[in-house]
Amino acid sequence: MTNTIKTKVGIIGGGPSGLLLSQLLDLKGIDNVVLEKHTRDYVLGRIRAGVLEHGFADLMREAQCGARMDAEGEIHEGFWINDNGTMHRVDLAGHTGGSSVVVYGQTELTRDLYDAREKMGGQVIHETLDMAIHDADSDTPALSYRKGDETFRVECDFIIGADGFHGVSRKSIPRDVLQEYEKVYPFGWLGVLSRTRPVNDELIYSKTGRGFSLCSLRSRVLSRYYIQVPLSDTVEDWSDEAFWDELRRRLPDDVAARLETGPSIEKSIAPLRSFVAEPMRWGNLFLAGDAAHIVPPTGARGLNSAASDIYYLYHAMVDHYRKGDSTGLEQYSAKALARVWKAQRFSWWMTTMLHDFPDTSAYDRKLQDVELAYLLSSEAAMTSLAENYVGLPF
Ligand code: APR
Ligand code: PHB
């Protein structure tokens, strides 16, 4: 026997995108269900980025999920670029009329969203298997899944595909409708999380002859560091000691000298990729977040691009249900994609400027060097970097 669930909005995926939309809609009295394939602990076990645009931080507050972020997150009004041993500060606040970013880990943010959903009695169903989308291009879309021995059918007005890059929703859009754009970079990031004091108060993005590195943090006692590695490397190739040694070589001497090291709590390699799927709406199925687009982590746009999709979807849904105005839904794909592509451009630009590209011509290396030299010498270019980093307006 199949159990039937009726709701307004069926959300596939209990990552930050799905949970944030669910919480925002619920606060406006719009009934919804989140269906997540994995357990809550599994979702919270994933270590991801940790820089929130100020507009995203506002959305978290609007979702009544901002208390811990405001208490424990750090406001950063700048970051640093290390150009082969020389440090330059990017004054975010100074170049944007006072804007900043909030450094707060995605894991913590997701935990806050889960807690808020639980407190409001939101429906978040875990371990939903064999998810399938039915009749998304009709007025009666539905989802089906299995949990344990039982099968379920969710009947709803709209389906939200917030199921990440490997989810089912994007794949259920017909091939002749969906256009995919992809760029794969010839390196990955080896990341280490350690219970050590961050080497610097603010983030440091480094361009060096040995490759890129990034010094980031989660709190005053938890650091997150990355180094660019060839795609052929595996985590087993990198002992903690080898990682720390290489990171030191990619930092100015005085910074390297104060680097506090310790055992890694987490160590992983992520390949760098840019990806966009268009359109982000097919009938009554709406894609959001990683389900529709991926960026390389340089510039920290991933989670923020997901949040901007949710901003547009949330307002479109509220206009639809509260005012009977469906313009926002009709314009969702075009509006979301316009901002998504700007984030794609920015993360591609940061990635290209700061990494070491194997097999690049001497000419292209010179261009890459002058791109950074120009940035560091130009108030106009710095302003452009700053306005993108703190987040373009929605
Ligand atoms: N059925 C149900 N849930 C699914 C399915 C499925 N078939 N496929 C995937 N999921 C779940 C995943 O288990 C995951 O928890 O969807 C969720 C998607 O979450 P994320 O991958 O975190 O994607 P999203 O919520 O869009 O988050 C934005 O920004 O910084 C980036 O990649 C980073 O996760 C981050 C993302
Ligand atoms: C992180 O803290 O994990 C982080 C920060 C900034 C980035 C990417 C990752 O650009």
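Remember, it's 1-based here, ligands and their atoms both numbered in the order they're listed.
Annotation for ligand 1: atoms under 4.0 Å from non-hydrogen atoms of Gly13 are 3 (N), 11 (C), 16 (O), 17 (C). Every atom of ligand 2 with a heavy atom of Pro297 under 4.0 Å away is listed here by number and element: 7 (C), 8 (C), 10 (O).
Classification of the His320-Phe158 ring pair by plane angle, with boundaries at 30° and 60°, yields perpendicular. Relative ring orientation between Trp189 and Phe212 is described as parallel, the plane-to-plane angle staying below 30° on a 0-90° scale split at 30° and 60°.
Some N or O of Gln106 is nearer than 3.5 Å to an N or O of ligand 1, by distance alone. Residue contacts with ligand 1: His166 is placed with no nitrogen or oxygen under 3.5 Å of a nitrogen or oxygen of the ligand (distance criterion only). Between Pro16 and ligand 1, at least one pair of N/O atoms sits closer than 3.5 Å. Distances between N or O atoms of Gly289 and those of ligand 1 include no value under 3.5 Å.
Assignment of Met350 to the shell around ligand 2 is not supported, since no heavy atom sits closer than 4.0 Å.
For the pairing with Tyr332, the side chain to side chain contact (heavy atoms under 4.5 Å, CB included) check across Leu287, Thr327, Leu313 returns one residue only, Leu313.
Only the side chain of Ser216 comes within 4.0 Å of ligand 2, counting heavy atoms alone; its backbone N, CA, C and O stay farther away.
To the nearest 0.5 Å, atoms NZ (Lys183) and OG1 (Thr352) are separated by 6.5 Å.
Under the side chain to side chain donor-acceptor pair (under 3.5 Å) criterion, the residue pairs touching residues 5-16 are Lys6-Glu155, Thr7-Asp31, with sequence neighbours excluded.
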